[in-house]
Amino acid sequence: MKTLTSPSFAWPLRHFPVCQNTGIFPMTVPGCNRTYLHPTIALHLHDYTGTIWIGGHCYRLEPGDITLSPGGTVASRYELKSSGSHFCIHFDAPPPRPGTVFRLPLHMRLGPQTTAARERFWHTIDYMRWSGGDAHSPAGCAASASLHEFLLWLHLQSRRDATPRRGTLVEEALAKLGKAIETSLSKPVLIAELAAGVGLSTDYVARLFAKRYGMTLQRYLLLRRIELARHLLVSSDLAVSEIGRQVGIPDPQYFNKQFRRMAGQSPLAYRFRQSPKSSRGIKKAPIQ
């Protein structure tokens, strides 16, 4: 994982953020290539390549990168060559006297941990949609708690680079493995095939991945497939069976079972609950 050494952003340790706007938003070229200035703080996970300036600091974006725009008087500007989309959570600034704080880089590259970050985005987005836009409802408070845990998790991830690592070849293998998984989401794939692609044995890859990321490779792959399925359910009119095929789970019954296991409801129920009619009151703020 690569993180920014400076500058960084301070957040109060015991202050829960109040969410204002969440979702997955399109970034359409050339209209998105402009300067943004919002009173709220913006947390993004980018699914495109390009460049972003945050308060005069320039960062190169790759799919999966996370940025934090402080808002207020700090402007952000994008320069993308092709259109894409990003996860976005806008939340209020902290109180003027925050007390004890923890710090967050303005740019992070999490590697395989990006899937865990996507899941945290989804948790907060789902809670805000269930809240009907009321940040002070039980679901809105759950969104605040979810985002607070997310920010603390990002802080802890950023601290991992403070300790020198060993095994550069192992890190390179894991990075290659992550890329191989991303290119294999649309088809069933065996762990042995992924391991062979990075030149390591299946057992060694399984142990290495579990030790490094705290989950099995099978679970990581399933999380990534279900995350992609959630996106397709919300952003497209594709049949559920077709979405299952596109995320590498062509058996409709098995896809439904795994989706229920990971999302807590069926694909159809998830699509209905996330539809605009069932998400009244959610603000559609300008994309940042």
[X] versus [Y]: any side-chain heavy-atom pair under 4.5 Å?
X: F259; Y: S266; value: no
X: L68; Y: I41; value: yes
X: T40; Y: N21; value: no
X: T114; Y: I66; value: no
X: Y127; Y: L147; value: no
X: T216; Y: F209; value: no
X: H107; Y: H46; value: no
X: L217; Y: L177; value: yes

Shortest non-hydrogen contact from [X] to [Y]?
X: S144; Y: P17; value: OG-O, 2.6 Å
X: C58; Y: W53; value: CB-NE1, 3.5 Å
X: G140; Y: S131; value: N-CB, 3.5 Å
X: V189; Y: S184; value: CG1-CB, 4.1 Å
X: V74; Y: P70; value: CG1-CD, 4.1 Å
X: Y36; Y: G31; value: OH-O, 4.4 Å

Would you say [Y] ends up clustered with [X] if hydrophobic residues are merged whenever their side chains have heavy atoms under 4.5 Å apart, either directly or through other cluster members?
X: M128; Y: V18; answer: no
X: F16; Y: V101; answer: no
X: V240; Y: M262; answer: yes

Any chance you could lay out the side chain to side chain contact (heavy atoms under 4.5 Å, CB included) test for F150 and H155, step after step, and finish with the verdict? CA-CA 9 Å; F150 190 6; H155 166 74; over 6 Å; no
Spacing of [atom1] belonging to [X] relative to [atom2] belonging to [Y], to within rounding of 0.5 Å:
X: H86; Y: I52; atom1: NE2; atom2: CD1; result: 8.5 Å
X: T51; Y: Y78; atom1: OG1; atom2: OH; result: 11.5 Å
X: R77; Y: I54; atom1: CZ; atom2: CD1; result: 12.0 Å
X: S8; Y: L106; atom1: OG; atom2: CG; result: 7.0 Å
X: I243; Y: I249; atom1: CD1; atom2: CD1; result: 11.5 Å
X: L45; Y: F121; atom1: CG; atom2: CZ; result: 5.0 Å

| query | When the aromatic ring centroids of F25 and F87 are compared, is their separation below 6.0 Å? | reply |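 No; F87 has its ring centre 6.0 Å or more from that of F25.
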Q: Go through the steps to decide whether L185 and V247 satisfy the test side chain to side chain contact (heavy atoms under 4.5 Å, CB included), and finish with yes or no.
A: CA-CA 5 Å; L185 292 177; V247 301; 5.9 Å; no
Using modelled atom types and a 3.5 Å cut-off, is there a donor and acceptor pairing between side-chain atoms of [X] and backbone atoms of [Y]?
X: T49; Y: L61; value: no
X: S83; Y: V29; value: yes
X: R271; Y: S236; value: yes
X: H148; Y: L13; value: yes
X: S69; Y: G71; value: no
X: D65; Y: E62; value: yes
X: S146; Y: A142; value: no

Note: [X]-[Y] ion pair, threshold 4.0 Å (strictly below):
X: E227; Y: R224; result: yes
X: R245; Y: D251; result: no
X: K187; Y: E193; result: no

| Quiz item: cation-pi between R103 and W11, 6.0 Å / 45° |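 R103 over W11 ring: no.
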Exercise. Checking side chain to side chain contact (heavy atoms under 4.5 Å, CB included) for the pair M27/H44: CA distance, chi angles, key distance, verdict?
Worked result: CA-CA 12 Å; M27 294 290 283; H44 294 117; over 6 Å; no
Q. Hey, mind stepping through T22 and H90 against side-chain hydrogen bond (donor to acceptor under 3.5 Å, both in side chains) and telling me if it holds?
A. CA-CA 6 Å; T22 65; H90 281 263; over 6 Å; no
| request: Begin with the C-alpha distance, continue with both residues' side-chain angles, and end with the deciding distance and a verdict on salt bridge (charged side-chain N to carboxylate O under 4.0 Å, His left out) for R118 and D47. | output: CA-CA 11 Å; R118 291 178 186 274; D47 277 324; 2.7 Å; yes
Practice task
Evaluate the criterion salt bridge (charged side-chain N to carboxylate O under 4.0 Å, His left out) for residue pair E119 and R230; output intermediate values, then yes/no.
Solution key: CA-CA 10 Å; E119 282 298 301; R230 289 168 111 172; 3.6 Å; yes
| field | Criterion side chain to side chain contact (heavy atoms under 4.5 Å, CB included) on L110 and L154, from CA distance to verdict | value | CA-CA 9 Å; L110 298 174; L154 287 172; 4.2 Å; yes
